[in-house]
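By convention here, the first residue in the shown sequence is residue 1. These numbers come from a predicted model, not from an experiment.
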Amino acid sequence: MRIFPFLTYSGNKSTYFYCLIFVLCSLVSDAQSDKKYLKFAKQAFEQKAYSQAVNNYKGIEALHKQDLGDLLIYFDCLVKIKKLDEAYQLSEFLQIKSKGKFPKNYYLIKGELDHLNGSFDSAIENFKQFIRLADEDDPLREIAKAKLLSCSYARRNNTWESGVGFLPFEGSVNSTGNEIKPLFSKNLNGVFYFGSASEKSIGGLRNIKGEADEHIGQFKVDMLKATRQKDGGFSTIPLSYLLNTTAHDILSGFSEDGQILFFGKGDTYDELLIYADTFEQDISKRKLKAESYNGFSGTFTRYGLPFFYSDKLILFASDQMGGFGGFDLFVSYQMEGKWSEPENLGPAINTAYNEVSPFLAKNGKVLYFSSDNPNISHGGYDIFRAVFKTHDFSWSDVQNMGKPVNSYGDDLDFCLSNNGASALLSSDRPGGKGGFDLYNMLFEDQKVEQLALLSALVFGKSFTRIETDPDGLGNLGMLRPLYYGKDLDLISSENEDYLILLAEKLRVDRTLKLILEVHSNDQNQNQTNAYLAYKVGLRVKQILENFGVFEEQIKLRSFCSFFPLAKGWDEGKETYYGARVNNRIDMHLWSMNDDTVLEGYQWPNLDSVSRDPAFDKLAEMLTGMSYAVEVFKSSENIQDPILYRYKPMIINSSSTKGAISYQLGLFKNIGQARTLYNSLSVLGYEGLRISVFFNGYELEGEELELFKSRFPGISWP
């Protein structure tokens, strides 16, 4: 706002006249300039170019003389771009200019400003006042109700989650523009990619027609690469000029091997076509432009861009395919070279509001996404987590990830690092450099769902890289062990294919049971090593459950090194065969009818000198009926000294969810088991139980009662 001092007469009338003409011309010129800036400001506002609208308002000299309605637009723009201090200053001026008689829209904007500032009580009162003043058919009334709900949720949940922090990006990552859609490199540590719309964007400021326009134009998104430096900061460079154009170029995902980049391209955020690029570094071998991706057709929005879980599964958001309201999340599978009809993820995930920006962890079960559901959001879009339960093909309750992951602004584009220890997201929360900024979230506890291999079973559907048998009978062949080394590198590509086929067989016939028997080559036969071996088998059990096998179909036993197949140690040194053969998981299928499920087993080839007779004793024990004494049933790692006194000590999975069974002894005669049972009772141990096995499978509950009726002549516990 310019202030002109009073003119005083000095000199002749001619001088005074020319001075007056100069001042009047300046006033006319300023008035015309103000009208131009006001026009540009309104046009920018209509196109949702709020930063440009603010820049145009700031160009108005006589801003204090503008209509209250125009100043309200300026007020709204300042709030939308999170310029809170400037918005509060304008709010004070509006109170003076309106003399306390505010238009109803003021209360809606002021409520949002207070919400962003964490002044929840004031925000709630402003939202309520707008609702009272608005007509019943005013479309903003429903928006105000939603904002009121979200503000109430934020007030009730105004605490930070423990074990989560964020490391601000220094240097060249964030700008005064928008930084969006971060993606970690699949093959390079310390590298991520992101989109940036800033003054460095190719093409400069452009309007919705794609024309250069410095007044109402916006910067388009270019794709950049960020690389961690030795000092912990990041350097950034734009991707090839053959990829970045004067249109929006927004990252979408990578191929499974990380060699192909998929991105959306379009003049507006609402109509983006998917393109593919191969990262070819030799410029002479590159094509002049990226090719359209031929996997699927159609356009996507910025929030709905597909997430490439693998080469055979994508997730995306759309408001054009029906559903539960607003944007919903959909999944599509590649079947026989074609993408399946998109499937809605259902009402457990999607709501009457907007669900966007999906990210699926590597285990294929944990889904992260953003939603503006005001019933469970701190404000705008928040990031949520849900788990798909393979045992009953349903979703867990959706959980808000809380602060600081979420804020009172919009929080989007969540993606986990490859090791699950950190995550990137895009947010326009107050306190950033401007627009959307990138934030790096650090987790005290790694997200273990990101430590798995990509699952071949997602949301109840199997899609594998190997040929499978519809009946689950022909391709599995003879069962064989899984071997693991000291580094526990258990799930090789070959082993995963094997487990996929095994899981398919168990899914086809739910009456089949699988027995996992874990052995190790540990020199010390103690509870700790038995427990560690059990944890190795538990990993395989969890992978099979990821592939759709029911938990109750799998029995897990850790024999530690009590029954080695090969002689494991010679004069204190680990033998060749001990290291390679004894660290393994044997796998056997079992049925209640005692039918032969699969003939034969691929035992490792061992000469008679290397073979340990202890394993032959175990094989004899596991044929027909055998018995052990359960001493403890617990979800914890028990260290009671009794477990070291009686051998063998075996750890078993339990039918009680989350518990494991600590058992002593392995007997062919139930009388021997009773003798041990009585001895332990005398020592004061309670809760003892004699466990019964048939061909290595523990009989419990209805199965045990059925065997009792089949074989009444046997002495049962």
Side-chain angles (χ1 to χ4, degrees), residues 365 388-394 455-462 464 466-482 495-518 537-557 585-602 619 622-628 652-661 691-712 714 716-717:
K365 295 197 295 184
F388 187 81
K389 298 179 290 186
T390 54
H391 67 279
D392 63 359
F393 298 97
S394 67
S455 176
L457 183 90
V458 177
F459 307 151
K461 286 201 174 183
S462 175
T464 70
I466 59 176
E467 295 296 326
T468 58
D469 181 5
D471 298 323
L473 300 173
N475 292 329
L476 183 60
M478 191 180 296
L479 286 176
R480 63 173 176 80
L482 292 180
N495 283 348
E496 186 186 17
D497 289 346
Y498 172 57
L499 291 176
I500 289 170
L501 291 172
L502 180 58
E504 187 173 350
K505 186 175 185 67
L506 290 163
R507 292 200 311 271
V508 170
D509 185 355
R510 295 296 188 182
T511 67
L512 286 179
K513 313 292 184 181
L514 176 68
I515 307 171
L516 302 176
E517 298 173 350
V518 189
L538 188 62
R539 185 180 174 197
V540 175
K541 180 175 182 287
Q542 290 170 339
I543 290 172
L544 287 167
E545 289 175 18
N546 286 345
F547 292 158
V549 180
F550 289 167
E551 182 180 9
E552 57 268 24
Q553 287 182 270
I554 306 173
K555 295 281 189 177
L556 173 60
R557 307 179 74 183
I585 301 175
D586 289 329
M587 313 177 78
H588 307 288
L589 289 171
W590 187 90
S591 72
M592 278 295 295
N593 297 323
D594 195 26
D595 295 330
T596 300
V597 180
L598 286 175
E599 293 187 3
Y601 192 76
Q602 293 182 15
L622 296 181
T623 302
M625 305 296 296
S626 57
Y627 309 90
N652 291 258
S653 59
S654 171
S655 58
T656 303
K657 190 172 181 61
I660 53 179
S661 174
S691 302
V692 182
F693 298 86
F694 184 75
N695 288 345
Y697 180 84
E698 184 174 5
L699 301 171
E700 296 180 276
E702 294 180 357
E703 294 172 336
L704 180 58
E705 295 304 317
L706 180 58
F707 264 74
K708 286 182 179 180
S709 64
R710 282 186 181 180
F711 306 101
I714 295 179
W716 297 94

First locate atom [atom1] of [X], then atom [atom2] of [Y], and finally report the distance between them rounded to the nearest 0.5 Å.
X      : Y      : atom1 : atom2 : answer
Leu482 : Tyr498 : CG    : OH    : 6.0 Å
Lys513 : Asn695 : NZ    : CG    : 15.5 Å
Leu538 : Glu545 : CG    : CD    : 8.0 Å
Trp590 : Leu512 : CH2   : CG    : 10.5 Å
Leu544 : Ile500 : CG    : CD1   : 10.5 Å
Glu552 : Ser653 : CD    : OG    : 11.5 Å

**OP:** Under the side chain to side chain contact (heavy atoms under 4.5 Å, CB included) rule, what do Lys555 and Asn652 come out as? Steps first, then yes or no, please.
**Re:** CA-CA 8 Å; Lys555 295 281 189 177; Asn652 291 258; over 6 Å; no
Would you indicate whether the side-chain heavy atoms of [Y] and [X] approach each other to under 4.5 Å?
X      : Y      : value
Leu589 : Leu506 : yes
Met587 : Leu499 : yes
Gln553 : Leu514 : no

Subject >> Pair Tyr697 + His588: ring centers closer than 6.0 Å >> reply: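 For Tyr697 and His588, the ring centres are not under 6.0 Å apart.
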**OP:** Answer yes or no for Arg507 and Phe547: cation-pi contact, defined as NZ/CZ to six-membered ring centre under 6.0 Å and angle to ring axis within 45°.
**Re:**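 Arg507 over Phe547 ring: no.
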